[in-house]
Amino acid sequence: MAVSPPITASEEGYGVERGLDEERVLFADRLRDMHDLCHVVAGYRGDLIGEASVLALSFAQTRNPGVGLMALAGFLKIGGVVPGARKLIA
């Protein structure tokens, strides 16, 4: 199995350039870190299936409609509703 190079998350300037206050920057950082931690703990890879699964878990925790929409779009693509997508079960 081929090993992908490590992916690093940006740590500087995220909220400052978007004009967010300190609490929102802290919350956004926490969401990003929890997303990455969920990949590690649950064993989901960074492919479409792994991302859609982690987003579904994030949606269950936050009830953020944007996250839910992204998870739904990922599962629709996986499930064959979107042509050319990899199948979840071959």
Side-chain angles (χ1 to χ4, degrees):
M1 176 164 73
V3 177
S4 300
I7 298 172
T8 58
S10 63
E11 295 180 4
E12 297 178 17
Y14 173 79
V16 175
E17 61 197 33
R18 291 189 168 100
L20 299 177
D21 61 22
E22 188 175 332
E23 287 184 9
R24 290 181 190 266
V25 171
L26 183 62
F27 184 72
D29 287 345
R30 180 187 167 275
L31 284 177
R32 182 199 64 222
D33 293 343
M34 290 305 297
H35 176 91
D36 294 343
L37 183 62
C38 190
H39 274 289
V40 174
V41 172
Y44 291 121
R45 295 183 293 168
D47 61 356
L48 181 60
I49 295 171
E51 285 299 330
S53 299
V54 169
L55 286 171
L57 291 172
S58 296
F59 175 66
Q61 293 175 336
T62 64
R63 297 291 185 213
N64 181 316
V67 173
L69 183 62
M70 289 187 293
L72 177 63
F75 284 116
L76 289 175
K77 187 167 178 126
I78 292 165
V81 175
V82 177
R86 185 178 87 156
K87 299 288 185 206
L88 185 57
I89 300 174

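These numbers were taken from a predicted model, which means no experiment stands behind them. The figures that follow rest on heavy atoms only: side chains count, while hydrogens, waters and symmetry mates do not.
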Exercise. Could you check if a side-chain atom of Glu22 sits within less than 4.5 angstrom of a side-chain atom of Val25, using non-hydrogen atoms only?
Key: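 The answer is no, as the side chains (C-beta and beyond) never meet within the 4.5 Å cut-off.
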
Self-check item: Asp33 and Arg30 ion-paired at < 4.0 Å
Solution: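 No.
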
Quiz item: If you look at every heavy atom in Ala52 and Ala71, which pair is closest and at what distance?
Solution: O-CB, 4.0 Å

Quiz item: Are any non-hydrogen side-chain atoms of Asp21 and Arg24 less than 4.5 angstrom apart?
Solution: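 Yes, side chains in contact.
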
Practice problem: Hey, could you give me each pair passing ring-ring contact (aromatic ring centres under 6.0 Å, His included) that has a residue in residues 36-72? Not counting sequence neighbours. | Solution: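 Applying ring-ring contact (aromatic ring centres under 6.0 Å, His included) to every pair that reaches into residues 36-72, excluding sequence neighbours, yields His35-His39.
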
Practice problem: Any pair with a residue in residues 53-66 that passes side-chain hydrogen bond (donor to acceptor under 3.5 Å, both in side chains), sequence neighbours left out, goes on the list, sorted by first then second residue, please. | Solution: none

Quiz item: Got a second to check how far Glu51's CD is from Phe75's CZ, nearest 0.5 Å?
Solution: 11.0 Å

Quiz prompt | Transitive ILVMFWY side-chain link Met34 to Val41, under 4.5 Å | solution = yes

